[in-house]
Amino acid sequence: CWNFLNYFSADELKLLMGVLIERLGPKGKIHALIESSATQMAANPIALSLVSGGSVRWRQGTDDSGTIPAPRHSTETLLRSMPGFGAEQTLLLANGQKELLFTRR
């Protein structure tokens with residue numbers, strides 16, 4: 001899910017994960033990039049689509065929709081909003097984002 005979790009509140013995440021956990025297999029994973037140090041982020045997520053061969057295509061051009069405050073979710077906040085998932089891996093990236101991998105328990 002890349003950076004999409006940044007655009008949901010804790011309550012919205014809980015609702016989303018309740019829907020996703022029903023559709024994921026027993027070893028399902030959620031991959032997330034969380035704004036960790038930035039105070040602002042793009043107002044809209046980057047549009048992504050899967051294309052043939054499993055490649056990912058990013059929307060071309062720039063997004064001039066402005067910025068919004070970054071929620072800067074902690075791993076603990078995310079876990080409370082994701083019942084049925086555990087944090088498998090956390091990595092702080094050079095760009096100030098946290099990369100997290102959540103696995104269905």
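Quick note: numbers below take in every heavy atom, side chains included, and nothing from hydrogens, waters or symmetry partners.
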What's the shortest heavy-atom distance between [X] and [Y], and which atoms?
{"X": "P45", "Y": "F4", "value": "CB-CE2, 3.3 Å"}
{"X": "A70", "Y": "A38", "value": "CB-O, 3.4 Å"}
{"X": "A87", "Y": "T75", "value": "CB-CG2, 4.1 Å"}

Working to the nearest 0.5 Å, report the span between [atom1] of [X] and [atom2] of [Y].
{"X": "L5", "Y": "L33", "atom1": "CG", "atom2": "CG", "value": "9.5 Å"}
{"X": "R72", "Y": "K98", "atom1": "CZ", "atom2": "NZ", "value": "10.0 Å"}
{"X": "L93", "Y": "S36", "atom1": "CG", "atom2": "OG", "value": "9.5 Å"}
{"X": "L101", "Y": "E88", "atom1": "CG", "atom2": "CD", "value": "4.5 Å"}

Donor-acceptor pairs under 3.5 Å, side chain of residues 12-26 to any protein atom, not counting sequence neighbours: which ones?
residue: E12; atom: OE1; partner: S9; partner atom: N; Å: 2.8
residue: E12; atom: OE1; partner: S9; partner atom: OG; Å: 3.4
residue: R23; atom: NH1; partner: V19; partner atom: O; Å: 3.0

Taking C-beta and beyond as the side chain, do T103 and K27 meet within less than 4.5 Å on heavy atoms?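 Sidechains of K27 and T103: no contact.
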
Could you tell me if the side chain of L79 sits less than 4.5 Å from the side chain of F102, heavy atoms only?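 Yes; the side chains approach each other to less than 4.5 Å.
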
Output yes when a side-chain donor or acceptor of N3 lies under 3.5 Å from a complementary backbone atom of E35, and no otherwise.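 No.
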
Donor-acceptor check, side chain of R105 to backbone of F85, threshold 3.5 angstrom: yes or no?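 Yes, the answer is positive, given that a donor and an acceptor are paired below the 3.5 Å cut-off.
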
Name all residues meeting the side chain to side chain contact (heavy atoms under 4.5 Å, CB included) criterion together with Q40; count only those two or more places apart in sequence or in a different chain, and write none if there are none.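 Listed in chain order: T67, P69.
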
Would a single hydrophobic cluster contain both L100 and F8, if residues Ile, Leu, Val, Met, Phe, Trp and Tyr are joined by side-chain heavy-atom contacts under 4.5 Å?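 Same hydrophobic cluster.
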
